[in-house]
Amino acid sequence: MNIVIVDDDQLVSLSLKTILEATGDIHVSAVGRDGEEAVALYEEYQPDVLLMDIRMERMTGLEAARRILASHPGAKVLLLTTFSDDEYIVKAIQYGAKGYILKQDFEGIASALFSVHNGQTVFGHEVIEKLPSLLNRGSQEGTAEAFQKKCEAFGLNEKEIAIIRLVADGLNNKEIAEKLFLSEGTVRNYISLILEKLELRDRTQLACFYYREGQAAQ
């Protein structure tokens with residue numbers, strides 16, 4: 001797997017390069033120091049994953065992610081920061097970043113990179129705890145009717161849309177089953193079908209879809 005690392009702290013970048021390349025499965029193609037370099041390096045190297053800090057001079061990692069993903073929707077950007085800030089999390093999801101992890105989760109960075117490379121969405125434990133409230137906040141602000149139409153365009157029916165909302169609220173299969181008077185097995189089948197229709201891999205991606213499309217529908 002080829003990656004590019006962008007962080008305004010050169011010591012952090014070099015340390016990450018050493019640690020990640022020691023796995024034997026990761027090659028660091030280049031290292032940058034700010035968002036502008038991130039955009040240029042992505043264009044030059046087209047890495048499998050771009051590992052990038054958020055708070056940097058000249059251009060933030062979030063702005064760089066927005067620009068890169070606007071030009072390359074399939075880009076896999078994993079944001080790495082010391083800040084578990086609600087606004088950062090929301091924007092990371094909106095822009096289409098594949099992950100947002102804290103530098104405190106240093107030991108899990110390599111596994112997060114592999115997960116993102118394999119198409120998964122990755123969030124650190126502290127971030128995951130915040131997702132339900134953030135997603136719920138977004139749903140309240142969004143336009144329900146417009147979101148409904150967006151879902152119907154993907155071939156989703158009323159029951160499936162209801163399940164998406166409950167997943168985004170952080171409910172597990174048992175809780176969803178109780179609310180909708182279904183069996184857990186039926187809920188599992190519904191979720192599998194929903195993921196297939198939306199071409200998503202897991203519940204986290206499904207919740208992110210709900211938040212992004214809810215905001216887009218405003």
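Position 1 is the first residue of the sequence, and the numbers go up from there. Note that the structure is predicted; figures quoted are calculated from it, not measured.
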Classify the ring geometry of Phe209 against Phe154: parallel below 30°, tilted from 30° to 60°, perpendicular beyond 60°.
perpendicular
Donor-acceptor contact below 3.5 Å, side chain Asp48 vs main chain Asn2
yes
Between the side chain of Glu21 and the main-chain N/O of Val28, is any donor-acceptor distance below 3.5 Å?
yes
Residue pair Leu80 / Asp53, side-chain heavy-atom distance below 4.5 Å:
no
His117 backbone acceptor or donor facing Lys76 side chain under 3.5 Å
yes
Nearest heavy-atom neighbours spanning Ala75 and Leu69
O-CD2, 3.4 Å
When you check the gap from the basic side-chain N to the acidic O, do Glu36 and Arg58 get nearer than 4.0 Å?
yes
If you round to the nearest 0.5 Å, how far is CG of Asp202 from CD1 of Ile191?
11.0 Å
For a side chain to side chain contact (heavy atoms under 4.5 Å, CB included) check, start with the C-alpha distance between Val187 and Leu180, then their side-chain angles and the critical distance, and finish with the verdict.
CA-CA 9 Å; Val187 171; Leu180 299 181; 5.8 Å; no
Is Leu51 close to Leu113 at the side-chain level, that is, under 4.5 Å between some pair of heavy atoms?
yes
Classify the side-chain pair Ser15/Thr18 by whether it contains a donor and acceptor separated by less than 3.5 Å.
no
Might you work through the side chain to side chain contact (heavy atoms under 4.5 Å, CB included) test for Leu182 and Ile176, ending with a clear yes or no?
CA-CA 8 Å; Leu182 301 169; Ile176 293 173; 5.8 Å; no
Working to the nearest 0.5 angstrom, can you tell me the gap between Arg201 CZ and Gln120 CD?
5.0 Å
Transitively linked via ILVMFWY side-chain contacts under 4.5 Å: Leu195 with Val167?
yes
Within a radius of less than 6.0 Å around CZ of Arg203, do more than 12 heavy atoms belonging to other residues, nucleotides or ligands occur?
yes
Any side-chain heavy atom of Leu78 sitting closer than 4.5 Å to one from Leu50?
no
When you check the gap from the basic side-chain N to the acidic O, do Lys179 and Glu175 get nearer than 4.0 Å?
no
Does the side chain of Ile3 reach to within under 4.5 Å of the side chain of His27, using non-hydrogen atoms?
no
Which pair of heavy atoms, one from Gly35 and one from Ala64, lies closest together, and at what distance?
O-CB, 3.6 Å
Would a 4.5 Å heavy-atom cut-off, applied to side chains only, mark Ile19 and Leu16 as touching?
no
For Lys197, does the NZ atom have more than 12 heavy-atom neighbours from other residues, nucleotides or ligands under 6.0 Å away?
yes
Derivation of the side chain to side chain contact (heavy atoms under 4.5 Å, CB included) call for Val77 and Val116
CA-CA 8 Å; Val77 179; Val116 168; over 6 Å; no
Can you tell me how far apart CD (Glu196) and CD1 (Ile194) are? Round to the nearest 0.5 Å.
11.5 Å
Are any of the side-chain heavy atoms of Asp34 and Met59 separated by less than 4.5 Å?
no
When rounded to the nearest 0.5 angstrom, what distance separates CG in Leu62 from OG1 in Thr60?
5.0 Å
Determine whether Leu171 and Leu156 fall in the same hydrophobic cluster, where Ile, Leu, Val, Met, Phe, Trp and Tyr are linked whenever their side-chain heavy atoms lie under 4.5 Å apart.
yes
Is the shortest heavy-atom distance from the side chain of Thr186 to the side chain of Tyr190 under 4.5 Å?
yes
From CD (Glu43) to NE2 (His72), nearest 0.5 Å
3.5 Å
Derivation and outcome, side chain to side chain contact (heavy atoms under 4.5 Å, CB included), residues Leu20 and Ile5
CA-CA 11 Å; Leu20 295 173; Ile5 299 173; 4.2 Å; yes
Considering only heavy atoms from C-beta outward, does the side chain of Val6 approach that of Val31 to under 4.5 Å?
no
Is it true that Ile109 and Val12 fall in one hydrophobic cluster, defined by side-chain heavy atoms closer than 4.5 Å?
yes
Which value, rounded to the nearest 0.5 Å, describes the distance between Met1 atom CE and Phe114 atom CZ?
4.0 Å
